[in-house]
Structure formats: structure tokens, C-alpha cells
2 protein chains.
Amino acid sequence: MSSETVKRPPSGPRAEAKRQAIVRAARELFLREGFGVGMDAIAAEAGVSKVTVYNHFGSKEALFTAVITSALDEPLAGASPATLEGLTEAEDLRAAFIDAARAWVHAVRTNREVAALRNLIAAEAHRFPELGHAWKSHGPASHHPAVAGALRTLADQGRLVIPDLETAIIQLYALLVFPHMVFGSYGTQIDDDLTNRLVIGGVDMFLDHYGPNQT
Amino acid sequence: MSSETVKRPPSGPRAEAKRQAIVRAARELFLREGFGVGMDAIAAEAGVSKVTVYNHFGSKEALFTAVITSALDEPLAGASPATLEGLTEAEDLRAAFIDAARAWVHAVRTNREVAALRNLIAAEAHRFPELGHAWKSHGPASHHPAVAGALRTLADQGRLVIPDLETAIIQLYALLVFPHMVFGSYGTQIDDDLTNRLVIGGVDMFLDHYGPNQT
DNA sequence: CAACTGAACTGAACCGTTGAGTTCATCTGA
DNA sequence: TCAGATGAACTCAACGGTTCAGTTCAGTTG
């Protein structure tokens, strides 16, 4: 009888290179054209034979999930945790807050791919139910704890008065990053000037409300 | 020569009923299954022959745009403009503000279909470029002027101090409705209790910052 | 009321295309 | 040598859209 080779993904150094090229091309095309893009197009974009694609990933759906999961681990959070940490020991809280907010907003604004990914997943969620969960857990929840920790520390230091931490966190997100996410999903972008005013105004509003001077 | 009948959509009482049934079924299936759903399925769901569908709408794309545009005119804004108007002549500004905000948030939260529609359009935007524009103009921009008017009036009355109206409007949206839109597009919903805290906290934060007592 | 009319509807078969996935003989490079 | 890559040709199913012969139904006429 024959050698009974069950279909397994190829391994080896060159195989890995091809694999990366395929994922990269697939990601780009999925993002640009949606899930409806053809496998031939993906193979061509990757500079690879269609058969090779099917040797690595057994199906289009498997390739799609591979793209999503790989994209999930990669660009997480940007530089936000570092600046968030520095917040608790800053001398000028408002200035440090504005700096951190600016970096954070910049990360959200430039990563247009993240928004596109979210739309893709939402649109194709019915075909990949388990992907929604993976996305949600890797989404904003990832550096959510960092923000929570920073706010709690500031409250413990007496520099902020936060009666309801959960609400405060969402409000902070809302004032700083949600506008860019919402407008982005509408296809429009907030210009630099308005972005700046939103950062400063948002921070001032937040500190105005939760600062120790006020009730 | 022959009767030269150019293809025109059927008219008459019975035709109109069928047409509505088709649009309703198509909307439901597009929302649930995405644009990839088959015309046969839509016809079946509408209790109608596929030919009838093609007699009314010449193509799948035409049907899709019909669904979108019909959905655009229908549930607009809810009851927000009325409550917004009452704001400028309310005795207790905070209480009236909270009432208005609650109604507004409720409208956004219950209309889960609106969010799903937005995702659909975003996902299929490359196939229907003109639809994105129609959506944007009918989206939040529709009662945006009402909010702007109310805030301006309150500022003129001296009950609010708003140096930057554009920023203030976005902040109001951000504090009250954006959280529900963002979470909704992630597939999760904000529970009633947190919703309530966000409404009250958001209004307090806004009034705290823009009220005449503060700078 | 019965017969007629014509537009709208039906059901099923059908066509052409597209796209996922496979097969296979052949090439390539460590 | 041999696993992995290649390309071209192929299968198969789904889907958009059409055709057609026959049916429903609202309204009109005698």
C-alpha cells in the first residue's frame, strides 16, 4: 500500500518563508477587497502557486483565521503601557496626561488596519463564530487593565477622586479614542487640528471632573 | 414592429405589496447572512418567485441599494429633536439633560439594526462607493445640527460656557452614544446599570466642564 | 353574473461564469 | 535524493440572471 501520508502542512526553512508571504498577501487583499477575494489572486500576490497555498492552509477559511490570529498578536497596543506607567509619577499631571493621550490617539489613528479588521470580522462573523470571541478578548480588553491600574494608582495617591472606576475608564476611552474609531468606521478621518483640540479638551474635561478640587 | 416594452418595474396594488415583502425579506437576510446570501433564498423568504424579484429590481445590487436607502429614511433619529428642543427652556437643566440623554441613548441602543447596517455598508463599500456617501449624510449628521443649535442657544442664554462648539458637540456624542456604538460593533452590549451610570456620569461631566461656574 | 383581458406572478429548467479545491507531471534547490 | 514548489488543466458546486409555459387575480365589459 502507499505511504499513508496524511495531509500535514509543510515544514522547513523555505516553507516558513512562503508561509509568511502567503499570510502577508492574504491579509493585504482581505483588507482591501474583503473576504470575497479569490484564492488565485492571493496566490499571485504572494508570488506563490495556488497549490502551495493549499498545502499550507487546507482551506480559505483556515487561511482567513490564520490571517486574523496572526494580526491579533502582532501590533498590540503600540506604546501605550509605557506612557501610562509614567503617568503615576509625573510632576505635572495634566501635561503628562496630554502627552500620553496624544501618543495613544496617534496609535489608534494611524492603525487604520485595526478598524478595517474589525469591520471584516463583524461582516463575516456568521461564518466564523469563534473569531468574534478571539477578537473581543484581544481587542481593547488587552490594555484595558493597564488603564485601570494607572487610574487606580492615581486615585490611591489622592491626585484623582474616582467614585466609579468602570465608568471613568469608559469615559476616558470615550473622550480620547472613540471619536476616531467611530468616524473611522464611517470612512472619514478627524483632521489634525480637531484631533489636538479633542485631546486637550478631553484631558481637561476628565481632570476637571475627577480632579481633587471638585466634588 | 413589436410593442417595444422597455423593462419597467411593475406597478399596482398587488405589486406594491410584493415589493415591500421583497425589501423586508432582503433586509433581514442581508443583515443576518451578509451580502453573500443568494437571490433564491431571498425570494423564498419573501414568499415570492425569483422572477418577480428580478421584475421589480433588475439586479442584486439594485435590490441592495433599495434595501439600504429604504432603511435610511425609516427610523431616523427617533424622538431626539423634540427632547433636545425642550432643553433650552427647562428649569432644571441637569434633570432635563439627563432625560434627553436617556431617550437618545435608548434610541441608539435598541436600534441594533443600524449598527449592523453600518457594518454591512463598510464591508461592501468597495462594491457600492456611492452608498457610503448616502449613509454618511443620513447618519449622525442628520440630527447633528439640532444638537449644535441646542448647545448654541444654551450658550447664548449664559447657562453654558462653550469656547469651542465643534469639540463640545463631539464630546457630548462621545460621552453618551459612542460607547454603545463601539461596544455594539464588537458584538457586546452595555448592560442597563452601566448604561445608567454612563448617562448620569456623562451629563455631570459635561455640565461640570461647560457649566458657568467653572472656567 | 359570466366571460374576457391583461398585467403580474409562479415554478422549474436552463445558461454562463466564477471560484474553491484537486490532480498530476515536472521542476528546483539544499 | 527528496521534500517542497510549480503550473496547467480539471471537477464540482453555487450563484446571478434568463426563458418560458402556464396560472392568479383585479378589473371591465356585455
Side-chain angles (χ1 to χ4, degrees), chain A residues 2-27 29-30 32-67 120 123-124 126-128, chain B residues 2-27 29-30 32-67 120 123-124 126-128:
Chain A
S2 64
S3 54
E4 190 76 30
T5 50
V6 280
K7 287 180 185 176
R8 65 181 186 284
S11 59
R14 46 224 167 278
E16 207 58 36
K18 297 283 183 182
R19 186 186 186 88
Q20 281 189 5
I22 294 171
V23 171
R24 191 144 40 89
R27 167 172 168 167
L29 284 192
F30 277 145
R32 195 191 323 147
E33 309 273 346
F35 184 74
V37 75
M39 293 294 270
D40 302 86
I42 293 176
E45 171 79 18
V48 144
S49 168
K50 193 165 80 158
V51 186
T52 305
V53 176
Y54 276 94
N55 283 341
H56 280 270
F57 315 88
S59 70
K60 190 182 189 180
E61 308 200 342
L63 175 59
F64 186 72
T65 63
V67 166
L120 238 192
E124 234 66 38
H126 52 95
R127 215 188 306 248
F128 308 92
Chain B
S2 63
S3 53
E4 190 76 33
T5 50
V6 279
K7 286 183 188 176
R8 66 179 184 285
S11 60
R14 174 156 91 280
E16 207 59 36
K18 297 283 184 182
R19 187 186 186 87
Q20 282 188 4
I22 294 171
V23 171
R24 192 144 40 89
R27 168 173 165 166
L29 284 191
F30 277 145
R32 195 189 325 145
E33 308 274 344
F35 183 74
V37 76
M39 293 296 268
D40 303 84
I42 293 176
E45 171 80 16
V48 144
S49 167
K50 193 164 80 159
V51 184
T52 304
V53 176
Y54 276 94
N55 283 341
H56 280 270
F57 316 87
S59 69
K60 189 182 190 180
E61 309 199 343
L63 175 57
F64 186 71
T65 63
V67 166
L120 237 193
E124 234 66 38
H126 51 96
R127 216 189 304 249
F128 308 92

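Reminder, nothing fancy here: chain letters follow the sequence lines and each chain counts from 1. Both backbone and side-chain heavy atoms feed into the values below; hydrogens, waters and symmetry mates do not.
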Please determine whether a side-chain nitrogen or oxygen atom of S49(B) lies at a distance below 4.0 Å from atom OP1 or OP2 of dG11(C).
no
Between CG of L29(A) and C1' of dG19(C) the distance, given in whole Å, is 15 Å
From the candidates dT18(D), dA20(C), dT6(D), the one with an atom nearest any side-chain atom of Y54(A) is dA20(C)
From NZ of K50(B) across to P of dC14(C) the rounded distance in Å is 14 Å
Residues at least two apart in sequence or cross-chain that pass salt bridge (charged side-chain N to carboxylate O under 4.0 Å, His left out) with R24(B), listed by chain then number, are none
To the nearest angstrom, the CG-P distance between N55(A) and dT22(C) comes to 10 Å
Testing dA20(C), dC9(C), dT6(D) for proximity to the side chain of K60(A), the answer is dA20(C)
In terms of heavy-atom contacts, L120(A) and F30(A) come closest through CD1-O, 3.6 Å
| message | Under 4.0 Å, heavy atoms only, any strand: does K18(B) hit a base, just the sugar-phosphate, or nothing? | response | sugar-phosphate
Please write out the pairs of protein N or O atoms and N or O atoms of nucleotides 24-26 of chain C separated by less than 3.5 Å, giving the distance to one decimal.
none

Here the residues of residues 34-47 of chain A within 4.0 Å heavy-atom distance, strictly under, of DNA chain C are V37(A), G38(A), M39(A)
Phosphate OP1/OP2 of dA5(D) contacted by H56(A) side-chain N/O (<4.0 Å): yes
Whole-Å distance, F64(B) CZ to dG16(D) P, equals 13 Å
Side-chain donor-acceptor pairs under 3.5 Å in residues 39-54 of chain A, sequence neighbours left out?
residue, atom, partner, partner atom, Å
S49(A), OG, V51(A), N, 3.2

Could you tabulate the donor-acceptor pairs under 3.5 Å formed by side-chain atoms of residues 55-63 of chain B, not counting sequence neighbours?
residue, atom, partner, partner atom, Å
S59(B), OG, A62(B), N, 3.1
K60(B), NZ, F35(B), O, 2.9
K60(B), NZ, V37(B), O, 3.0

To the nearest angstrom, the CG-C1' distance between L63(B) and dG17(D) comes to 14 Å
Value for NE2 (H126(A)) from CD (E33(B)), rounded to nearest 0.5 Å, stands at 6.5 Å
Rounded to whole Å, CD of E33(B) lies from P of dA14(D) at a distance of 15 Å
Q20(A) CD to dA5(D) P, in whole Å, measures 13 Å
Next on the checklist: Is the phosphate of dG16(D) approached by S59(B) (side-chain N or O, under 4.0 Å from OP1 or OP2)?
Outcome noted: no
Rounded to whole Å, the CD1-C1' distance (I22(B) to dT10(C)) equals 13 Å
